[in-house]
Each structure stands twice: as C-alpha cells, then as structure tokens.
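In what follows, a structure is listed as structure tokens, so that the remarks can point back to it.
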Amino acid sequence: MTLPLDIDEEIRDALEGGRPVVALESTIVSHGMPYPQNIETARSAANAVRDEGAVPATIAVLAGRLTVGVAEADLDSLAKAGRSALKLSRANLASCIASRETGTTTVAATMIVAHIAGIEVFATGGIGGVHRGAEASFDVSADLQELSITPVAVVCAGAKAILDIPKTLEVLETLGVPVTTFGSPDFPAFWSRASSVPSPSVSNSTRQIAREFLLRRNLGLQGGQLIANPVPPEDEIPAAIMNPLIEQAVSEAREQVTGPSVTPFVLGRIFELSEGRSAKANEALVLSNARLAARIASDLADLRKKG
Ligand code: PSU
Ligand code: MN
C-alpha cells in the first residue's frame, strides 16, 4: 500500500533543489488559539519563513491524505473547526489515514510527516512536555519521545508554565535530546524569557546549530534537537501576571479533563482568563520562531551544498 502523500509543488521543487524549507504544525491552529487569531498567525508565520528566504510547509491530514503545504482554503477550514478537529500524534496518525478523516498534526505528528517529506527544520510556538502533577497523572506529551526518535530540528519558545519545566528538561536529557537556547542562559517559559531554569546549552549561531544537526546524522544518533528561542523582549509578559491565570486553568483542567484534551483545554482557558492579553505575545513568538527556523534551514542547505 502506498502512502497517500501530497507535497505542494513549490515545496517539492525546493526540496529537490536543496533549498531551505520549514515545516509548520496545524494543531496550534485548530487547538492552540481561537479563530481568527489562529489563521492570522498561521499566515504571518508562513510569510515570516518566506521573508528569511525559505519555503513554508504547513502539515495536516486532509481526508486521509498526508498533506505537506496545506492550501489557504483548507487551513481556514481547520482554523474554523477548532477543537472539533482530530488532534493527531504518533498514536493516531495511521488510524486517521485509514479512516480517511481530517486532522491536525501536533509537534510529534508534524515531525513524522516532515521527515517523510525530507524536511529537517520545523517551527512552532510551544512544545508539549511533562505536565504539572505528572507524578500523579503520568501525563507526559508524546512530543518528547518523538524528539528522541525523528531527526527534525524543532524551534519553539520553550514550554508554557502549564508544564513542569525542570521535569520536561530532565526527560529530554534522559532521552538524549539536545536542547539549545538561542542567545539566553535560561530555558524560556513561552510568555517569559526567563524561567530560572538554566538551559542545557546556549548558542548564538544558527550555523553552529545546523552543523550540530548534520554531525548528529553523521554520528548515527537518531532523533532531532530542540532549539528554544525566547520571546522578543518587547512582547514578553512577566511570569507574575501569567502565573495566577495558569494556576487556575491547570486546577480546572484537573477536575474536568484527561488525556489529549488537557493541553487544548488549558490553552483555551488561559486565553479566556487573560482576556486575549497573551495573544499578542503568542503571535510575536511564533513569528520569531519561524524566522529563526528559516535561518537554520538556510544554513543547513548551505552546509549540505558544501558537502
Ligand atoms: N503548547 C502550546 N501551544 C500548542 C500546543 C502545545 O503552547 O498549540 C500543542 C502542540 O501541537 C503540541 C501539543 O504538540 O499541543 C501537545 O499536546 P499534548 O500535551 O497532548 O501532547
Ligand atoms: Mn498528554
């Protein structure tokens, strides 16, 4: 059985010509932000990738077909579907294809599809991780395991404080996933640049990050790497403002939801509780990540050309 895979022509050309391509996920669109901010952010992220000279490739599953480069009209439908869209990760990707359904891809599923298409760099907002209270709930995102299996470099703004950041970094270390923060000593906490948790490694050079990616392939080390890009200073929201809202959202989630619904529920409640205040920061950091990912992809394309 052949895989139902549609790669947009511009993306296919770029990949065949060794030009830089950046994958973008779609669960952030359906489950990460409300409409219409979600579609606006998705559009600006794609434009930000183009501004830096790379080709954007938004990934989803449309009527059972793996789609690399979702067209504007389809992306708009996914944005409007919101949380009624299927949220796809490693566990349910194949069943969505088998039943010819439509779904949006999380970080884990986007990495899998990007790798199949030959895309090595991916930009998102925040990754999934170890949830607060995981010692009781065992809720650890499949994103972490995926980073240890699939060779894609993922650029994010750290992890939201809905997660337990020290535990998330511990698990990444156990899994052998390199974590590099771009230009700052702390692993960032999404809305805030600082988390008081030191990053396992720090870099100021996209070229060095690209070189590390290639070396890991040469060493035969499986898995990807995580690049954390702190939110731009002018857009950050102090932890003191966000923390009480996060506490409330997490405690409501504990009483009301389990499983894959936890992250979307908490993200939605934080948006409501902050009355959209967090939205501007969210959009700014996604754009900043898209730009950094495009620069890493360009360096990677360059290094590959030089051999
Ligand atoms: N964190 C965010 N925004 C998001 C997500 C996480 O700040 O949109 C989404 C991503 O798609 C991520 C997924 O891969 O949630 C993780 O879900 P879970 O914790 O159920 O693995
Ligand atoms: Mn979970």
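From a predicted model like this one, the values you see are computed outputs, not experimental measurements.
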Do [X] and [Y] have side chains that get closer than 4.5 Å, going by heavy atoms?
| X | Y | value |
| --- | --- | --- |
| Arg90 | Gln145 | yes |
| Thr206 | Phe182 | yes |
| Ser44 | Glu283 | yes |
| Ile270 | Met242 | yes |
| Pro20 | Val121 | no |
| Val231 | Ile237 | no |
| Val107 | Leu147 | no |
| Cys156 | Leu226 | yes |

Qualifying residue, where the test is side-chain hydrogen bond (donor to acceptor under 3.5 Å, both in side chains) with Asp299 and the options are Gln208, Arg211, Arg207: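 One option only clears the test, and that one is Arg207.
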Candidates Asp143, Thr105, Thr124 - the one meeting side-chain hydrogen bond (donor to acceptor under 3.5 Å, both in side chains) with Thr110: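 Of the listed options, the one satisfying the test is Thr105.
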Is it true that [Y] and [X] share a donor-acceptor pair across their side chains at a distance under 3.5 Å?
| X | Y | result |
| --- | --- | --- |
| Thr263 | His131 | yes |
| Asn229 | Ser288 | yes |
| Ser199 | Thr181 | yes |

Note: [X]-[Y] ion pair, threshold 4.0 Å (strictly below):
| X | Y | answer |
| --- | --- | --- |
| Glu120 | Arg304 | yes |
| Arg132 | Glu247 | yes |
| Lys167 | Glu170 | no |
| Lys80 | Asp76 | yes |

With rounding to the nearest 0.5 Å, note down the distance linking [atom1] in [X] to [atom2] in [Y].
| X | Y | atom1 | atom2 | value |
| --- | --- | --- | --- | --- |
| Ile162 | Leu245 | CD1 | CG | 13.0 Å |
| Lys87 | Cys96 | NZ | SG | 14.0 Å |
| Met33 | Ile28 | CE | CD1 | 4.5 Å |
| Leu78 | Thr58 | CG | OG1 | 10.0 Å |
| Phe122 | Ile59 | CZ | CD1 | 7.5 Å |
| Leu88 | Glu101 | CG | CD | 9.0 Å |

Verdict with reasoning, Glu10 to Arg50, per salt bridge (charged side-chain N to carboxylate O under 4.0 Å, His left out): CA-CA 12 Å; Glu10 184 194 11; Arg50 287 192 190 284; 2.9 Å; yes
Side-chain donor/acceptor of Ser77 to backbone N/O of Ala73, under 3.5 Å: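 Side chain of Ser77 to backbone of Ala73, a donor-acceptor pair under 3.5 Å: yes, one is there.
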Polar side-chain atom of Ser261 near backbone of Val257 as donor-acceptor pair, under 3.5 Å: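 No, because the side chain of Ser261 does not come within donor-acceptor range (under 3.5 Å) of the backbone of Val257.
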With sequence neighbours excluded, residues passing salt bridge (Lys or Arg N to Asp or Glu O under 4.0 Å) with Asp235: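 In terms of salt bridge (Lys or Arg N to Asp or Glu O under 4.0 Å), with neighbours along the sequence ignored, Asp235 is linked to Lys280.
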Glu146 vs Ile149, side-chain contact (heavy atoms from CB on, under 4.5 Å): CA-CA, chis, key distance, verdict: CA-CA 5 Å; Glu146 202 58 50; Ile149 301 174; 4.3 Å; yes
side-chain contact (heavy atoms from CB on, under 4.5 Å) assessment of Val61 paired with Thr67: CA-CA 6 Å; Val61 178; Thr67 307; over 6 Å; no
Criterion side-chain contact (heavy atoms from CB on, under 4.5 Å) on Trp191 and Ile246, from CA distance to verdict: CA-CA 11 Å; Trp191 291 290; Ile246 294 166; 3.9 Å; yes
Same cluster (ILVMFWY, side-chain, under 4.5 Å), Ile116 and Val21: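 Yes: a chain of side-chain contacts under 4.5 Å links Ile116 to Val21.
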Greater than 12 external heavy atoms within 6.0 Å of Glu234's CD: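 Enclosed: over 12 neighbouring heavy atoms sit under 6.0 Å from CD of Glu234.
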Residue Glu173 excluded, over 12 heavy atoms near CD under 6.0 Å: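 No, not enclosed.
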Under the side chain to side chain contact (heavy atoms under 4.5 Å, CB included) test, residues paired with Leu219 that sit two or more places apart: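 Leu219 satisfies side chain to side chain contact (heavy atoms under 4.5 Å, CB included) with Leu221 once adjacent residues are dropped.
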side-chain contact (heavy atoms from CB on, under 4.5 Å) between Gln225 and Ile296, intermediate numbers included: CA-CA 12 Å; Gln225 63 195 71; Ile296 294 170; over 6 Å; no
